[in-house]
Each structure stands twice: as C-alpha cells, then as structure tokens.
Amino acid sequence: QLQLVESGGGLVQPGGSLRLSCTASGFTLDYYAIGWFRQAPGKEREGVSCISSGDSSTYYADSVKGRFTVSRDNAKNTVYLQMNNLKPEDTAVYYCAGRYYYCSGFSSYEYDYWGQGTQVTVSS
C-alpha cells in the first residue's frame, strides 16, 4: 500500500523553527515530486512548496519564500520542509502529497497520494 506519513509538527513561538518530514512507504520517492500544502481552519487548502524528482527543482508560495526550504533525501525515502521565522499565520495542518516526477503548480487535484497531515501551531 502506498502511503505518505508526515511528522514534526507542534507548537512553536513566533520567530521559531520546525522541520516537517514526509516519509513514503510502499514505494520509492525517487521518481516522485512532493508538494507541501496547508489548511487553516475555515480556509481553503493552499500550496506551500514543491520539490520535483530528477534535478530536485524547488518551488515556493510567495507567502513562505525566504523562510521555508524544501529538500529531499532519497536514501531515506523522505522529503523535508524546514520552516524558519514562523508566523501566527503559518498555523495550519500541513500535508505532503505526491505525484509522478514533476511538480505541477499548487493545484491539489494534480497530486495522487496524500498524507494524513500534521498540525503546526505558531503562538506565544
């Protein structure tokens, strides 16, 4: 069974950092692009970042550019989202999602496999 599992969420103060992990089971991530999405209460799901297969091209939403960094470790079958200088508006459930090879913008329907989500709360 193909699965993606997120971890690393939690409560952090404004200005703090968290690193989310997205680990695959049942398949290898080598040929998959992984996107990160988030959904805050009462808001639509939005794309945050994506890393492609192959050359590992990366993409970011304007709201997180310069603060978030996506990376992958194919040997560990894991993609990471390093989140620095977190703001209260970053509070949301974060999901990772997979699609074959290339990132395809931040349209959630383009992604085939989804994790269960991990809560990130930024509050003092």
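Under the 4.5 Å side-chain contact rule for hydrophobic residues, Val93 and Leu81 do not share a cluster. The hydrophobic clustering, which links ILVMFWY residues whose side-chain heavy atoms are closer than 4.5 Å, places Val5 and Val79 apart. Using a 4.5 Å cut-off between side-chain heavy atoms of Ile, Leu, Val, Met, Phe, Trp and Tyr, with links allowed through other members, Tyr95 and Tyr111 fall into the same hydrophobic cluster. Each of Tyr80 and Met83 belongs to its own hydrophobic cluster when Ile, Leu, Val, Met, Phe, Trp and Tyr are linked at side-chain heavy-atom distances under 4.5 angstrom.
Taking all atoms of both residues into account, the shortest heavy-atom contact from Gly117 to Glu6 is N-OE1, 2.8 Å. For Ala92 against Ala40, the heavy-atom pair with the smallest separation is CB-N, 3.8 Å. Residues Leu18 and Gly8 come closest through the heavy atom pair CD2-O, 3.8 Å. For Gly9 against Leu20, the heavy-atom pair with the smallest separation is N-CD2, 3.6 Å. Scanning both residues, Pro14 and Ser123, for their nearest heavy atoms gives CD-C, 3.6 Å. Listed here is the closest heavy atom pair of Ser52 and Cys103: N-SG, 3.5 Å.
To the nearest 0.5 Å, the span separating CZ on Arg67 from CG on Leu86 amounts to 6.5 Å. Taken to the nearest 0.5 Å, the CD1 atom of Ile34 stands 6.0 Å off from the SG atom of Cys96. Atom NZ of Lys87 is separated from atom OG of Ser63 by 8.5 Å, given to the nearest 0.5 angstrom.
Within 6.0 Å of atom CD in Glu44, 12 or fewer heavy atoms from other residues, nucleotides or ligands are found, so the atom counts as exposed in its surroundings.
A tilted orientation is assigned to the rings of Tyr94 and Phe68, their planes being inclined by 30° to 60°. Note: Phe106 and Phe37 have perpendicular aromatic rings, judged against thresholds of 30 and 60 degrees for the angle between ring planes.
For Tyr60 (side chain) and Val70 (main-chain N/O), a donor-acceptor pair under 3.5 Å exists by modelled atom type. A donor-acceptor distance shorter than 3.5 angstrom exists from the side chain of Ser53 to the backbone of Asp30, with no hydrogens or angles considered.
Looking at residues two or more places apart in sequence or on another chain, you find no side-chain hydrogen bond (donor to acceptor under 3.5 Å, both in side chains) involving Ser21. Applying the salt bridge (Lys or Arg N to Asp or Glu O under 4.0 Å) criterion to Arg45, with sequence neighbours excluded, gives no partner residue.
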Test log, rule salt bridge (charged side-chain N to carboxylate O under 4.0 Å, His left out), inputs Lys65 and Asp62:
CA-CA 5 Å; Lys65 277 181 183 176; Asp62 288 342; 3.2 Å; yes

Begin with the C-alpha distance, continue with both residues' side-chain angles, and end with the deciding distance and a verdict on side-chain contact (heavy atoms from CB on, under 4.5 Å) for Gln119 and Leu11.
CA-CA 8 Å; Gln119 177 70 47; Leu11 173 64; over 6 Å; no

How far apart are the C-alpha atoms of Ser71 and Gln82, what are their side-chain angles, what is the distance that settles it, and do they pass the side-chain contact (heavy atoms from CB on, under 4.5 Å) test?
CA-CA 8 Å; Ser71 62; Gln82 178 68 43; over 6 Å; no

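Between the side chains of Thr78 and Thr23, a donor-acceptor pair is found at a separation under 3.5 Å.
Side-chain contact check for Leu4 versus Phe27: some heavy-atom pair is nearer than 4.5 Å.
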